*Asks:* 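Dumping the structure here so I can ask a few things about it.
Computed from a predicted model, the values in this text were never measured in an experiment.
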Amino acid sequence: MNTFITLFAISLNAILAENFILVKFLGICPFMGVSKKTDTAVGMGIAVIFVMALASAATWAVNEFLLVSLGLEYMQTVVFILVIAALVQFVEMFLQKAMPSLYQALGIYLPLITTNCAVLGVALLNVQNSYTFIEAVVYGITGGIGFTLAIVLFSSIRQRLEDCDCPKAFKGFPLALIAAGLLALSFMGFSGFRVF
């Protein structure tokens with residue numbers, strides 16, 4: 001029962017209280033770049049969930065069984081980036097074969113998942129928080145769900161903003177930044193949120 005409560009708390013924190021995009025401000029590049037259409041945002045979100053889950057599992061294992069046992073903890077960032085890059089190449093090849101339209105829609109932002117600081121952030125935070133393997137994987141999956149929630153909400157806002165009547169100086173990117181700031185403020189309301 002205690003494990004369930006811990007996993008539930010980790011999940012709620014990753015999705016709401018410590019959302020990677022809107023609270024930690026990690027992964028802003030795809031957030032702003034892929035959020036013009038909801039279907040593209042959903043595709044990017046699913047890819048990020050998949051990569052974050054695999055990256056959490058792989059980097060936890062590499063850290064625990066290789067880096068810590070050899071005393072190479074100082075190499076975490078470099079090794080984690082290499083592991084994430086390999087995982088993203090796998091996802092990219094899969095999407096190119098299985099879903100070419102989504103592969104084309106994501107464009108340059110798909111390979112940028114490699115350098116997406118949210119994916120690297122989840123790997124480093126797993127180590128920093130001393131999560132077990134299960135906790136690390138849950139944190140990776142729910143961190144990706146939080147990423148997807150933020151990008152899908154923002155894409156629906158951006159689609160509505162295209163049709164709004166506003167001053168010409170605010171059209172496009174400036175209005176998107178204002179909307180992103182307001183959305184981030186709404187998620188900041190969950191800060192200090194505690195489970196039990």
Side-chain angles (χ1 to χ4, degrees), residues 1-27 30-31 34 41-70 72-95 98-99 102 106 109-153 187 190-191 193-196:
M1 186 66 174
N2 208 7
T3 304
F4 175 76
I5 292 171
T6 302
L7 295 177
F8 184 68
I10 288 170
S11 301
L12 280 181
N13 275 338
I15 295 170
L16 299 173
E18 296 176 8
N19 186 285
F20 278 96
I21 294 177
L22 299 172
V23 177
K24 293 185 181 291
F25 304 111
L26 298 173
F31 176 69
V34 184
V42 169
M44 179 61 138
I46 291 169
V48 168
I49 290 171
F50 185 70
V51 170
M52 279 184 151
L54 287 180
S56 293
T59 56
W60 186 91
V62 165
N63 184 61
E64 202 67 28
F65 299 119
L66 185 66
L67 298 179
V68 172
S69 63
L70 295 175
L72 298 172
E73 292 94 343
Y74 62 91
M75 295 290 292
Q76 284 172 342
T77 304
V78 174
V79 172
F80 289 178
I81 288 173
L82 292 174
V83 169
I84 292 166
L87 291 172
V88 170
Q89 286 299 313
F90 170 73
V91 170
E92 191 173 357
M93 289 186 302
F94 173 77
L95 286 179
M99 298 178 233
L102 179 59
L106 292 175
Y109 294 100
L110 186 59
L112 283 177
I113 294 176
T114 302
T115 57
N116 186 340
C117 50
V119 179
L120 179 60
V122 77
L124 292 173
L125 286 168
N126 284 333
V127 172
Q128 181 182 344
N129 294 330
S130 301
Y131 285 150
T132 64
F133 179 76
I134 298 297
E135 291 171 347
V137 172
V138 167
Y139 188 60
I141 292 169
T142 55
I145 291 170
F147 182 96
T148 304
L149 175 68
I151 200 168
V152 169
L153 283 174
F187 271 71
F190 293 108
S191 63
F193 182 68
R194 297 274 178 242
V195 177
F196 301 103

*Asks:* When rounded to the nearest 0.5 angstrom, what is the spacing between CG in L22 and CD1 in I151?
*Replies:* 10.0 Å
*Asks:* When rounded to the nearest 0.5 angstrom, what is the spacing between CD1 in I10 and CD1 in I141?
*Replies:*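 Atom-to-atom, I10:CD1 and I141:CD1 are 12.0 Å apart.
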*Asks:* Does the pair V88 and V51 meet the rule for a side chain to side chain contact (heavy atoms under 4.5 Å, CB included), with working shown?
*Replies:* CA-CA 7 Å; V88 170; V51 170; 4.0 Å; yes
*Asks:* Please verify the inter-ring angle class for F133 with W60; under 30° counts as parallel, over 60° as perpendicular, anything in between as tilted.
*Replies:* perpendicular
*Asks:* On a heavy-atom basis, which atom in V119 and which in A55 lie closest, and how many Å separate them?
*Replies:* CG1-CB, 4.0 Å
*Asks:* Quick check for you: to the nearest 0.5 Å, what is the distance between L67 atom CG and Q76 atom CD?
*Replies:* 6.5 Å
*Asks:* Can you name the closest pair of heavy atoms from V68 and E73 and give their distance?
*Replies:*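 For V68 and E73, the tightest heavy-atom pair comes out as CA-OE2, 3.6 Å.
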*Asks:* So, do L125 and Y131 sit near enough that their side-chain heavy atoms are less than 4.5 Å apart?
*Replies:*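 Contact flag for L125/Y131 side chains = no.
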*Asks:* So which of F25, Y139, F31 actually passes ring pair (Phe, Tyr, Trp, His ring centres under 6.0 Å) with F20?
*Replies:*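 Option passing the ring pair (Phe, Tyr, Trp, His ring centres under 6.0 Å) with F20: Y139.
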*Asks:* The test is side chain to side chain contact (heavy atoms under 4.5 Å, CB included); show your working for T6 and E135 and say whether it passes.
*Replies:* CA-CA 8 Å; T6 302; E135 291 171 347; 3.4 Å; yes
*Asks:* How long is the gap from CE on M44 to CD1 on I49, to the nearest 0.5 Å?
*Replies:*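 So the CE of M44 and the CD1 of I49 are separated by 12.0 Å.
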*Asks:* Below 4.5 Å, heavy atoms only, C-beta onward: do T77 and L120 meet side chain to side chain?
*Replies:*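 Yes, side chains in contact.
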*Asks:* Is S56 reaching over with its side chain to a backbone N or O of V137, donor-acceptor style, under 3.5 angstrom?
*Replies:* no
*Asks:* Quick check for you: to the nearest 0.5 Å, what is the distance between T142 atom OG1 and M52 atom CE?
*Replies:*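 T142 atom OG1 to M52 atom CE measures 9.0 Å (nearest 0.5 Å).
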*Asks:* Evaluate T148 against V42 for side chain to side chain contact (heavy atoms under 4.5 Å, CB included), listing each step before the verdict.
*Replies:* CA-CA 7 Å; T148 304; V42 169; 5.7 Å; no
*Asks:* If you compare all heavy atoms of V83 against all heavy atoms of T59, which two are closest, and at what distance to 0.1 Å?
*Replies:* CG1-CG2, 4.1 Å
*Asks:* Verify side chain to side chain contact (heavy atoms under 4.5 Å, CB included) between K24 and N19, making sure each step is shown before the conclusion.
*Replies:* CA-CA 6 Å; K24 293 185 181 291; N19 186 285; over 6 Å; no
*Asks:* Between L26 and G121, which heavy-atom pair has the shortest distance, and what is it?
*Replies:* CD1-CA, 4.4 Å
*Asks:* So F8 and F4, would you call those rings parallel, tilted or perpendicular, with 30° and 60° as cut-offs?
*Replies:*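 Ring orientation of F8 relative to F4: parallel.
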